[in-house]
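For reference, the structure discussed in these notes is given below.
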Amino acid sequence: GCGKSKESAGSGSDKPSAQDTLVYGRGGDSVSLDPATVTDGESLKVTKNIFDTLLDYNDNDTSVKPALATEWTISEDGLTYTFKLRQGVKFHDGTDFNAEAVVFNFERWANGNADTFPYYGSMFGGYKNDESHVIKEVKALDDYTVQFVLKRPQAPFLKNIAMPPFAIASPTAVEKYGDKFGEHPVGTGPFVFKEWKRNERIVLEKNKDYWEEGYPKLNQVIFVSIPDNSARLNALLKGEIDIMEDLNPTDLKQVEGNKEFQIFKRPSMNVAYVGLTATRGPLKNKLVRQALNYAVDKQAIIDAFYAGQAEPAKNPMPPSIPGYNDAIQDYPFDLEKAKQLLAEAGYPNGFEIELWAMPVPRPYMPDGQKIAEAIQANFAKIGVKAKIVSYEWATYLDKLAKGEADAFLLGWTGDNGDADNFLYALLDKDSIGSNNYTYFSNDELHNILVEAQTISDENKRNELYKQAQEIIKEEAPWIPLVHSTPLLAGKANIQGFHPHPTGSDKFTKVEFK
Amino acid sequence: MLPYTVKRVLMIIPVLFGMSLVVFFMIRAIPGNPAQVILGQKATKEAVAALTHKLGLDEPWYVQYVKYIGGLLRGDLGESIRTGAPIAEEIWPYLAATIELSLVAMIIAVIIGVNAGIISAWFQNSWFDYIAMVLALLGVSMPIFWLGLMEQWLFSIQLDWLPTSGREDVRNPIEPITHLYLIDTLLSGNTEQFWQAIQHLVLPSVALATIPMAIIARMTRSSMLEVMKSDYIRTARAKGLSMFWVVYKHSLKNAIIPVLTVIGLQTGLLLGGAILTETIFSWPGIGRYIYDAIGYRDYPVIQSGILIIAAIFIFINLIVDLLYAAIDPRIKYN
Amino acid sequence: MEGPLLEVRGLQTSFFTDEGEIPAVDGVDFSIYEGEVLGIVGESGCGKSVTSLSIMGLLPKGIGKVVGGEIWFKGENLVEASERRMKQIRGNEIAMIFQEPMTSLNPLFTIGNQLVEAIRLHTKIGKKEARARAVEMLKLVGLPRAEQTLDEYPHQLSGGMRQRVMIAIAMACQPALLIADEPTTALDVTIQAQILALMKELNRTFGTAIMMITHDLGVVAEICDRVIVMYAGQIVEEGSVQAIFRRPQHPYTVGLIRSIPDIRGKKERLYSIPGQVPKPGTIRCGCRFAERCEYAFDRCRQEEPQLYEVGEQGHRTRCFLVLEKGGGVDERAVARSERA
Amino acid sequence: MSEPLLEAKGLKKYFPITGGIFGKQIGTVKAVDDVTFTVYRGETLGIVGESGCGKSTTGRMLLRLIEPTDGSITFEGYEVTALSKAELRRLRRDMQMIFQDPFASLNPRHTVERILEEPLIVHGIGSKEERKQRVREMLEVVGLGSYHAKRYPHQFSGGQRQRIGIARALMTNPKLIIADEPVSALDVSIQAQVLNLLEDLQKQFSLTYIFIAHDLGVVRHISDRVGVMYLGRMVELADSESLYEAPKHPYTKALLSSVPIPDPDHKAERQLLSGDLPSPANPPQGCAFHTRCSACMNICRERRPELKEVANGHYVACHLYE
Amino acid sequence: MAELARTPATPPTAIREEKTGSLWGEAWQRFRKNKIALVGAGIVLFFIVIALLAPWLAPYDYKEQQLAERLQPPSGEHWFGTDDFGRDIFSRVIYGARISLWVGFFSVLGSIVVGSLLGIIAGYYGRWIDGIISRLFDIMLAFPSILLAIGIVAVLGPSLQNALIAIAVINVPNFGRLIRSRVLSIKQEEYIMAAKAIGMSDWRILFHHILPNSLAPIIVQGTLAIATAIIEAAALGFLGLGAQPPNPEWGKMLSDAKDFLTQAPWTMIFPGLAIMLTVLGFNLMGDGLRDALDPRMKS
Ligand SMILES: Nc1ncnc2c1ncn2[C@@H]1O[C@H](COP(=O)(O)OP(=O)(O)OP(=O)(O)O)[C@@H](O)[C@H]1O
Ligand SMILES: Nc1ncnc2c1ncn2[C@@H]1O[C@H](COP(=O)(O)OP(=O)(O)OP(=O)(O)O)[C@@H](O)[C@H]1O
Ligand SMILES: [Mg+2]
Ligand SMILES: [Mg+2]
């Protein structure tokens with residue numbers, strides 16, 4: 001209100017324990033609140049709190065822990081998974097959670113297609129009648145026991161099961177609302193859906209009968225959309241919201257210096273990179289790609305645009321993921337070497353290329369334009385004249401998928417913490433046309449990645465992935481830039497909030513002190 | 001008058017039809033597939049193809065256009081590709097937000113602009129005149145997004161007098177009835193929320209009002225000066241009328257006619273042109289809605305949204321024309 | 001005869017523009033007596049309108065200013081009168097009608113509104129009464145459908161009717177003096193004849209003095225008692241209608257009269273004054289007409305003539321010729337010009 | 001009498017009144033309604049009438065600046081209405097026009113030289129030098145100095161501008177000049193200058209004039225014959241002597257008696273016309289003048305009188321003379 | 001010829017001799033006396049000079065990054081401070097003048113050329129051609145112009161050149177209508193009638209009479225349109241749809257700077273002031289031109 005002083009605006013600190021509504025400010029609105037039907041992070045952030053999955057990730061990584069399933073067994077051959085379900089859990093609409101409900105949900109997804117349940121197909125190899133579909137059947141052994149039978153072993157199966165899209169929805173509600181279930185989500189999660197005002201806010205209320213004793217602490221969680229990062233920070237500073245996502249790294253100092261606020265760092269599970277489309281002009285030449293790798297001063301970029309909250313990337317996947325090859329030596333920032341390689345490749349005077357800059361901020365790349373400018377300046381030093389080009393996000397992706405860019409900025413946030421979700425998805429020749437935007441195609445790499453998909457022995461898999469990273473380093477289809485630590489800012493009196501690497505957080509344990 | 005009005009309304013149809021064609025083809029000329037956008041970076045090719053088919057976007061353009069126009073003729077604005085909701089339902093809250101903002105801005109602009117113009121004309125070449133006109137010139141010379149940011153910085157961040165953005169306090173949301181919050185809060189008798197709604201309106205509406213205010217002030221001034229030179233004003237003075245009456249009775253009514261055009265035009269422009277203000281102040285308005293829809297390639301939303309804005313624009317100008325007739329007996333529409 | 005109703009003495013009015021001071025009226029003095037019709041003639045730009053606006057105090061604000069002289073009306077100097085006082089006088093004691101009936105009425109208000117406004121401004125009567133009076137006025141000026149006309153707008157009336165309305169407004173408070181600035185110039189002859197007849201009648205019935213500004217000598221001969229001829233911001237000749245037309249003394253007046261084509265018979269050749277009216281402020285010394293005058297001699301170019309009395313009472317002319325032989329432009333001179 | 005130079009027969013011009021959005025025609029203004037007259041070589045035909053009676057429209061139709069709705073115009077034996085565009089342009093060398101408004105009829109952005117030269121350029125007459133020479137000559141002829149050539153119209157007074165307009169009309173050595181109120185905008189003293197000039201030029205170049213004006217004195221002064229128009233119709237046409245001295249049509253009589261005479265001793269009995277000119281969009285039935293005519297008969301309301309010769313060369317359209 | 005002879009060969013000095021005769025000359029005289037307009041012209045000239053001499057005036061290379069010197073406040077070394085790349089804002093603002101003037105001038109030129117063409121065709125031929133063109137203008141004017149510009153840029157791809165095209169397109173109907181109404185009203189002028197009367201062809205009338213007489217309003221409108229175009233370009237730049245980095249377009253600089261509003265206000269203030277001042281200059285000049293060229297001011 002008018003004339004409100006700074007102190008009282010800061011938080012509800014005058015009446016400490018009274019605050020039980022958390023306003024969470026983020027960049028965009030959800031698309032749908034039926035988690036199985038969406039692929040966007042903004043939807044999953046909300047559904048994560050309305051729904052539970054059979055297994056959940058641990059706080060800081062993607063190792064799994066019990067959730068709706070309390071325990072599980074895996075057969076020797078890795079083809080049969082048996083889950084014991086939690087008893088006495090009810091959906092928000094009052095119906096019972098049981099094995100039937102689990103079977104119902106998996107049947108629903110398996111009967112869908114790439115359009116209706118996109119994640120299911122990509123994580124489980126397809127749908128019911130597809131050759132490649134991994135799940136042979138899902139059956140209820142009794143009311144609280146579910147058994148999954150696979151056609152072939154799938155290494156990251158448990159991690160997949162724990163992904164937020166595979167959350168268990170109330171069968172009654174699904175049938176009741178049909179197409180509109182996305183606007184009337186009913187799950188078992190810590191919060192109950194109350195209201196959704198598009199592009200503005202989603203309001204969730206406490207699930208009083210939540211199975212986790214004593215939780216949730218909050219009475220209400222409100223997700224509000226404020227697209228502009230600075231505007232969102234302003235809203236936080238003025239007490240209009242309690243937690244904000246995507247703090248501009250450049251604003252870090254400002255928040256850190258303010259006692260009323262705290263910074264939350266989301267453990268990194270991402271990579272930002274410069275794709276070097278291997279089918280275009282000088283970039284066809286491996287030496288050129290290597291030269292460009294030598295030419296980028298990653299640390300300077302980190303200091304300037306990530307406020308130091310990132311580490312230089314040398315591999316296409318972050319170190320937290322099993323299989324990360326730490327033995328690899330990154331290309332150092334060495335302009336002389338770069339020039340020499342260019343000369344060797346037949347471009348002693350450099351050349352001209354386009355450098356495409358992401359038009360939207362992402363946690364791994366808070367400001368594509370500016371990073372592009374910095375890289376442009378780097379390239380200029382070895383005679384490579386980069387023209388910065390930017391399209392709207394939709395066009396950008398579309399054109400990238402068609403291989404129309406020379407060099408481009410992009411990044412990836414892992415879905416389930418598995419190496420396959422990075423290396424295969426981003427650099428395998430099978431992924432050309434979808435997420436392999438560099439059109440990089442290497443048979444040796446392909447064989448390794450495909451083999452790794454079917455092996456369930458962790459160590460063996462990791463070895464294969466390490467090999468794969470060596471090939472990628474040598475071939476240099478990318479300039480891996482950074483693994484960033486996405487920043488969030490919130491009021492100082494918030495407790496129990498641990499941002500998860502996947503980007504979706506449960507607010508079960510969050511409270512104001 | 002009535003036949004004229006009917007004709008004018010009918011005249012809107014070809015213009016809107018032409019617009020629908022232009023919009024339809026223009027947005028399809030924008031590269032990028034809505035299905036891809038909706039499904040995001042991580043979607044598979046199959047998923048994109050399936051969604052494209054489901055949305056009917058793989059049909060030939062003329063089929064799509066005919067379907068769209070057919071829908072329009074039946075009063076169906078279509079459904080949002082992104083949310084699946086009928087646009088007719090979805091659009092109103094955004095439209096209302098913009099209407100509220102634009103109207104408040106226009107009221108500010110008209111009240112201040114017209115009066116400043118009158119006083120300037122009356123005291124031509126006085127210090128008031130000079131200052132007002134210099135301010136007006138600055139007003140039209142200022143990029144409003146810059147003004148908006150400066151306002152935000154000063155009044156919201158530095159002085160902490162007013163909220164930075166949005167239409168309402170998220171912790172104390174207003175229960176929408178008409179979605180015009182000033183009216184809604186009055187209807188529900190919640191004075192605290194009414195006050196809150198006003199506070200949220202101040203900064204964006206002032207930023208938005210700047211240009212029309214400046215234009216109206218300049219227009220009123222020059223129009224007043226023009227009228228005050230006319231023969232009938234001399235007649236009025238020859239009767240012995242005081243300057244005050246001459247200005248407020250005889251001059252103002254005549255001078256307001258060209259100003260009305262400007263007011264009409266500017267109101268129309270505000271409705272569609274508030275995108276920058278809406279962006280800066282996170283105002284959930286129609287400009288922003290359409291702008292976002294362009295990002296999502298939400299074709300039906302872009303098409304219908306622009307048509308609605310254009311229809312309102314044309315409608316406002318129609319009202320201005322009718323107002324002319326009400327003011328000026330020389331204009332007879334038949 | 002008692003003292004004059006209006007007496008203008010040495011009136012000087014200037015305009016102050018980007019190009020400097022323009023002396024539009026430069027030392028004009030004349031009088032109007034009660035019930036009299038005074039004509040002011042002269043070519044375009046000679047200062048007729050500015051003189052009348054100076055009297056009304058309606059010079060364009062900020063540009064036009066009375067810089068010298070006095071205007072005595074009923075024992076009061078209007079040059080020094082306050083704006084408040086002027087408001088009381090305007091429309092009430094001195095009224096004015098203008099050349100352009102098409103634009104002199106406010107297009108957005110009904111005739112009734114504008115007429116009632118004039119009536120109520122200076123009388124304390126109620127609306128109903130004022131309206132009745134308005135009807136009466138319209139009938140007086142010869143508008144047949146007075147009642148309906150009150151509710152009509154100016155654009156619905158023809159030029160002649162509008163000029164009648166203007167006269168009705170001017171006469172609303174029965175002013176002592178009516179200034180008519182070319183009231184018929186924009187009208188057709190048949191309509192002009194109607195309007196002139198009306199004005200003559202008003203002059204006769206109410207004894208309203210009329211200051212009739214025109215450039216049409218026919219109109220002057222038609223209704224005026226006395227005439228003032230202006231040239232370049234000055235009066236060059238003044239006298240009774242008879243004197244001016246029968247015994248014009250100033251070469252300019254003579255030229256003016258002789259250059260009119262007459263409908264009563266074809267002149268062999270029109271007399272024409274060479275050259276054109278000088279722009280105000282461009283003549284530095286001597287007689288202002290000297291440059292166009294065929295009788296001009298050295299003195300005319302060096303010295304400015306005064307208004308000299310000639311012959312009968314009240315006949316004055318600004319020409320050295322009258323001093324020469326006491327006779328001004330004689331018949332021989334006129335004849336000479338005819339032969340040329 | 002000498003041979004005819006131009007003959008107009010049954011000239012009509014109906015302007016459509018359009019209304020509404022779709023520009024539908026909702027009526028017609030009968031600006032000129034069946035006008036017939038002849039102009040003889042070397043004479044001046046005056047046309048008078050009140051504002052809006054169709055004088056200008058008639059004048060413009062003769063040059064086909066406005067396409068006639070109906071009727072024929074013969075100029076030196078050519079049917080003007082049948083000429084092609086190119087032939088028409090050729091014809092305009094011989095038929096010229098002087099306009100009323102000396103301010104509006106000269107392009108403000110052209111020098112006098114350019115304005116005067118333009119007719120020659122358009123008709124491809126002379127070399128550049130010759131054209132310049134002729135411009136200088138013509139300026140002298142109309143009483144301006146050749147040093148005026150480089151000036152712009154707004155630097156001249158009204159009378160001087162009208163002289164420029166006249167010079168332009170003379171540039172191509174035309175045979176006929178249509179002068180549409182050439183002196184109405186001028187002060188009397190200047191008017192006399194211009195009228196004298198026109199008379200001199202007529203003698204010097206054996207010109208034929210159609211002289212349009214509403215000032216009856218001026219028309220009498222300059223014309224050999226005079227036509228009186230009322231509401232788009234010619235109501236009387238006669239040589240000026242008999243028209244002014246013995247007018248026949250009641251309208252002509254009223255018109256003449258309305259003119260104020262610059263003579264304080266002249267006390268003519270006025271015949272005041274009542275009412276205003278009716279609208280040409282809705283002219284009265286029968287004789288257009290019957291609504292204001294003091295001698296109105298029943299037949300006048302029903303039948304339109306034809307323009308008939310009632311005395312030698314004196315034409316009147318009035319039922320009184322049938 | 002006696003009468004003619006008597007008319008003095010040299011007319012009296014009624015007409016003051018004027019230095020320049022044409023209306024343009026007189027307009028210039030009027031313009032020169034208008035102090036405010038001169039200030040406007042001065043500002044415009046100032047920015048033009050700056051734009052032309054940018055390489056010599058700018059103390060630094062506008063794209064030279066000094067990441068170590070990010071967000072420095074104004075100082076003797078960096079008069080306007082540095083931006084988040086450590087680039088000298090002063091130098092960038094100077095180079096930005098080039099871009100804004102370029103876009104302003106050429107987009108308006110484009111609108112004038114296309115608008116005039118359409119306007120002339122519509123005004124001169126009338127009837128259904130006029131109908132179609134006028135409806136087209138109606139359609140374009142009914143579009144929210146910024147959305148139309150965004151749409152055009154979205155189709156063509158964001159770049160300075162495309163922003164210029166978009167701005168040119170959205171301003172076409174304004175000029176088109178202006179020219180059309182000029183053509184229609186000049187067509188009614190008596191000197192056009194006079195031109196026809198001397199047998200002039202339609203095309204000659206169009207090019208020798210109508211167009212030159214339409215020039216004054218086009219110049220006035222054009223000057224004012226440059227002002228708007230500069231703001232529009234900045235708006236597109238602000239939305240990221242105009243000039244691409246490292247071009248120092250002012251609107252783009254503002255959008256880059258808005259994240260540092262609280263930390264480094266100078267990054268925001270100077271480009272904003274530059275826009276305002278330039279636009280103000282064009283507006284003042286346009287107003288002055290209007291007063292100078294307005295036919296109503298003619299004596
Ligand atoms: N508003 C003005 N600004 C500057 N000069 C003016 C103004 N009004 C009149 N004048 C000057 O005053 C002189 C006299 O003008 P005035 O209107 O009195 O002439 P007039 O005799 O009424 O002419 P007309 O017959 O054309 O009405 C003119 O030469 C003109 O230059
Ligand atoms: N282009 C036009 N469209 C419609 N009506 C017209 C047009 N030109 C003239 N008129 C009408 O035709 C009638 C005759 O006009 P015209 O100009 O010939 O009259 P006039 O006798 O020359 O009058 P004035 O003395 O006022 O010049 C008028 O009523 C006029 O309104
Ligand atoms: Mg006057
Ligand atoms: Mg005419």
Side-chain angles (χ1 to χ4, degrees), chain D residues 23 60 63-65 85-86 88-93 95-101 103-111 114-115 118-123 140-145 147-148 150-157 160 163 165 168-169 171-172 178 192-193 196-197 199-201 203-204, chain E residues 1-27 126-128 130-131 134-135 138 185-205 208-216 293 295 297-299:
Chain D
R60 287 173 185 192
L63 264 175
R64 265 181 71 190
L65 289 173
K85 264 200 160 175
L88 188 64
R89 277 213 287 280
R90 172 76 192 72
L91 171 91
R92 287 178 180 162
R93 273 178 74 160
M95 241 204 252
Q96 275 297 323
M97 193 144 186
I98 304 171
F99 295 88
Q100 165 173 7
D101 191 342
F103 291 80
S105 60
L106 303 176
N107 188 333
R109 299 198 180 276
H110 288 180
T111 58
R114 177 143 183 223
I115 290 171
E118 205 148 33
L120 302 180
I121 298 174
V122 166
H123 293 292
E140 302 282 348
V141 167
V142 298
L144 296 169
Y147 61 89
H148 281 124
K150 296 285 182 215
R151 295 209 185 151
Y152 289 87
H154 66 278
Q155 293 170 302
F156 292 89
S157 69
Q160 288 175 318
R163 287 169 192 260
R168 172 173 57 190
M171 286 306 283
T172 55
I178 298 163
Q193 292 171 11
N196 286 341
L197 174 64
E199 280 184 323
D200 294 337
L201 294 171
K203 274 183 224 131
Q204 195 180 347
Chain E
M1 287 303 286
E3 182 73 23
L4 275 182
R6 230 179 54 187
T7 310
T10 347
T13 52
I15 302 153
R16 254 192 258 162
E17 291 298 330
E18 324 209 8
K19 273 165 255 136
T20 34
S22 70
L23 286 188
W24 295 115
E26 300 225 323
R127 285 178 313 210
W128 61 271
D130 183 20
S134 294
R135 285 300 85 70
D138 284 350
S185 77
I186 295 174
K187 249 166 80 174
Q188 304 299 324
E189 296 274 348
E190 207 155 58
Y191 60 81
I192 299 300
M193 191 64 93
K196 276 193 193 156
I198 62 169
M200 203 179 281
S201 68
D202 288 359
W203 282 106
R204 197 180 160 90
I205 290 178
H208 286 243
H209 293 279
I210 295 183
L211 277 189
N213 278 293
S214 309
L215 215 54
L293 293 171
M297 295 273 293
K298 266 194 326 220
S299 53

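Because the structure is a prediction, the values reported are computed rather than measured. Throughout, a chain's letter reflects where its sequence line sits, starting with A, and its residues are numbered from 1. Atoms considered below: every heavy atom in the structure, side chains included; atoms not considered: hydrogens, waters and symmetry mates.
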Proximal component of D:Glu118, with respect to chain E [non-hydrogen, under 4.5 Å]: both
Partner residues of D:Gln100 under the side-chain hydrogen bond (donor to acceptor under 3.5 Å, both in side chains) criterion, sequence neighbours left out: none
Pick from D:Lys203, D:Arg89, D:Met171 with the largest number of heavy-atom pairs that fall under 4.5 Å of chain E: D:Arg89
Any donor-acceptor N or O pair under 3.5 Å, side chains E:Ser134, E:Asp130: yes
Region of D:Ile98 in contact with chain E, defined by heavy-atom distances below 4.5 Å: neither
Pair D:Phe156 and D:His148, ring centroids less than 6.0 Å apart: yes
Contacting moiety of D:Arg114, where chain E heavy atoms sit under 4.5 Å: side chain
Charged N-O contact under 4.0 Å between D:Lys85 and E:Asp202: yes
Top of E:Met193, E:Arg204, E:Lys196 for chain D proximity - count of heavy-atom pairs under 4.5 angstrom: E:Met193
Pairs of heavy atoms under 4.5 Å with chain E: top-ranked of D:Ala86, D:Pro119, D:Ala169: D:Pro119
Leading residue by heavy atom contact count with chain E [cutoff under 4.5 Å; candidates D:Arg90, D:Arg60, D:Arg64]: D:Arg60
Residue selection (most heavy-atom pairs with chain D, distance under 4.5 Å) from E:Ala194, E:Ala195, E:Ala216: E:Ala194
Portion of D:Leu63 that has a non-hydrogen atom of chain E nearer than 4.5 angstrom: side chain
Heavy-atom contact with chain E under 4.5 Å, split by part of D:Met95: backbone
Residue from D:Leu106, D:Asn107, D:Ile115 passing side-chain contact (heavy atoms from CB on, under 4.5 Å) with E:Tyr191: D:Asn107
Aromatic ring proximity, centroids under 6.0 angstrom, D:His110 and E:His209: yes
Salt-bridge contact D:Glu140-D:Arg163 (side-chain N to carboxylate O under 4.0 Å): no
Separation of D:Met97 CE from D:Arg168 CZ (nearest 0.5 Å): 11.0 Å
Contacting region of D:Arg93 [heavy-atom separation from chain E under 4.5 Å]: neither
